[in-house]
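These notes concern the structure reproduced below.
Order of the sequence lines sets the chain letters (A, B, ...), proteins ahead of strands, with each chain counted from 1. Computed from a predicted model, the values in this text were never measured in an experiment.
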There are 2 protein chains.
Amino acid sequence: MNETVIPKPDYEAALREAGVRITRPRRVILGILSDAGDHPDAMEIFKRAVAIDTGISLSTVYRTMKLLEGIGAIHRHAFEGGPSRFEPAVGEHHDHLIDIDTGDVIEFQSDRIEELQQEIARSLGYDIVHHRLELYGRKRRKR
Amino acid sequence: MNETVIPKPDYEAALREAGVRITRPRRVILGILSDAGDHPDAMEIFKRAVAIDTGISLSTVYRTMKLLEGIGAIHRHAFEGGPSRFEPAVGEHHDHLIDIDTGDVIEFQSDRIEELQQEIARSLGYDIVHHRLELYGRKRRKR
DNA sequence: CTGTGTGCAAACCGTTTGCACTGAT
DNA sequence: ATCAGTGCAAACGGTTTGCACACAG
């Protein structure tokens with residue numbers, strides 16, 4: 001019933017390639033990230049990590065996130081008025097719809113919007129380096 | 001040479017209507033906001049305020065921003081990795097293109113993108129409460 | 001054995017808040 | 001005269017960093 005089609009990234013290989021050491025805390029954190037179907041923040045990752053290995057510190061979580069972000073293995077999202085939340089950098093580019101009641105994050109993708117953004121930036125004399133499109137919404141009540 | 005077509009909001013009237021007192025610090029801050037053609041952050045507003053009246057505190061700037069935001073007179077933007085920046089809530093809704101080299105903010109508007117956002121949210125079963133579209137770019141080099 | 005990575009505590013930065021005072025109404 | 005608003009300093013929450021130790025290579 002849980003048919004994950006999305007490829008799980010091989011973080012360990014990515015790290016090895018980056019020439020850094022594979023330590024116990026890192027392995028634990030990587031495992032959590034591979035399993036995460038959601039967009040957890042650092043504290044949430046820390047809690048899940050401590051449940052596996054009590055010795056892990058929050059600093060290490062932050063340091064590992066920064067490391068993974070640096071090598072492009074994860075994306076950091078600063079949704080409004082909250083801590084950064086992370087997600088594996090796998091699959092196609094997408095944007096986010098955030099449920100303002102639950103904090104749930106739904107991913108979506110629109111080629112048309114991407115094109116329009118390019119056109120707009122172009123017409124203003126800019127090249128887009130990256131962008132951020134977040135919809136904050138509430139589940140429509142059934143009637 | 002300074003032909004401002006954009007209407008300047010009458011903050012003082014808005015505040016009076018909100019039933020709050022018009023104090024000296026508030027008057028100074030409101031003046032700064034009316035004159036600001038940019039999107040200053042709290043510290044920047046504070047500096048401009050101190051240049052006019054040395055007695056003003058940063059707390060008051062923050063409190064006044066919160067107050068103005070509450071009555072809908074200004075908008076707060078949390079552009080990436082920086083402090084909140086503010087702008088008068090006048091004119092049509094628009095989104096922002098941020099120059100990643102200078103921090104300059106260019107406003108733009110796209111009905112088409114707004115429509116597409118609505119469609120997307122709708123198809124996911126959500127009503128949009130608000131959204132955030134920010135393009136981070138670099139000026140195209142002339143060739 | 002070397003030096004990268006770690007845990008811990010302290011520092012950081014933007015922002016908020018408790019307090020006693022000041023000043024708009 | 002009242003009490004909303006203020007300046008100040010301390011607290012806050014998320015994140016980063018300096019340090020001495022630990023352990024992957």
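- Counting to the nearest Å, the P atom of D:dG5 and the CD atom of B:Glu12 are 14 Å from each other.
- In this model, a donor atom of one side chain and an acceptor atom of the other lie less than 3.5 Å apart for A:Glu114 and A:His93.
- In this structure, the side chain to side chain donor-acceptor pair (under 3.5 Å) partners of B:Arg48, at least two apart in sequence or on a different chain, are B:Asp38, B:Glu44.
- The stretch residues 63-70 of chain A touches DNA chain D through A:Arg63, A:Lys66, each having a heavy atom within less than 4.0 Å of the strand.
- Here the P atom of nucleotide D:dG14 and the CG atom of A:Asp41 are 8 Å apart, to the nearest Å.
- Comparing B:Gly82 and A:Pro25 by the nucleotide of DNA chain C whose heavy atom lies nearest to each, the residue mapping closer to the 5' end is A:Pro25.
- Rounded to whole angstrom, the span from the CZ atom of B:Arg85 across to the P atom of C:dC13 amounts to 19 Å.
- Look at CD1 on B:Ile29: it is 7 Å from P on D:dT6, rounded to the nearest Å.
- Using a cut-off of 4.0 Å between Lys/Arg side-chain N and Asp/Glu carboxylate O, A:Asp127 and B:Arg140 are scored as salt-bridged.
- Distances shown here put every side-chain N or O of A:Ser84 at or beyond 4.0 Å from the OP1 or OP2 atom of D:dG14.
- One interatomic measurement links the two molecules: CG of B:Leu15 to P of D:dT6, which rounds to 10 Å at whole-angstrom precision.
- The aromatic ring centroids of A:Tyr136 and B:His131 lie 6.0 Å or more from each other.
- Put simply, the side chain of B:Asp99 does not reach to within 4.5 Å of the side chain of B:Ile106, judged on heavy atoms.
- With sequence neighbours excluded, the residues satisfying side chain to side chain donor-acceptor pair (under 3.5 Å) with B:Arg16 are B:Glu12.
- Within residues 46-61 of chain A, the residues having any heavy atom closer than 4.0 Å to DNA chain C are, in order of number, A:Gly55, A:Ile56, A:Ser57, A:Ser59, A:Thr60.
- Counting only N and O atoms by type, the side chains of B:His75 and B:Glu69 include no donor and acceptor under 3.5 Å apart.
- Contacts classified as side chain to side chain donor-acceptor pair (under 3.5 Å) and involving residues 52-61 of chain A (residues at least two apart or in different chains) are given here: A:Arg24-A:Asp53, A:Ser57-A:Thr60.
- In this structure, B:Arg132 pairs ionically with B:Glu134, as a charged nitrogen and a carboxylate oxygen lie closer than 4.0 Å.
- Classification of the B:His39-B:His96 ring pair by plane angle, with boundaries at 30° and 60°, yields perpendicular.
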Which pairs, protein N/O on one side and nucleotides 22-24 of chain D N/O on the other, fall under 3.5 Å?
unit_1	atom_1	unit_2	atom_2	d
D:dA24	N3	A:Arg21	NH1	3.2

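- Whole-Å rounding puts the A:Arg26 CZ to C:dG7 C1' distance at 14 Å.
- Salt-bridge check for B:Lys139 with B:Asp101: failed, with every basic side-chain N at 4.0 Å or more from each acidic carboxylate O.
- Close to D:dT15, at under 4.0 Å from its OP1 or OP2, lies a side-chain N or O of A:Tyr62.
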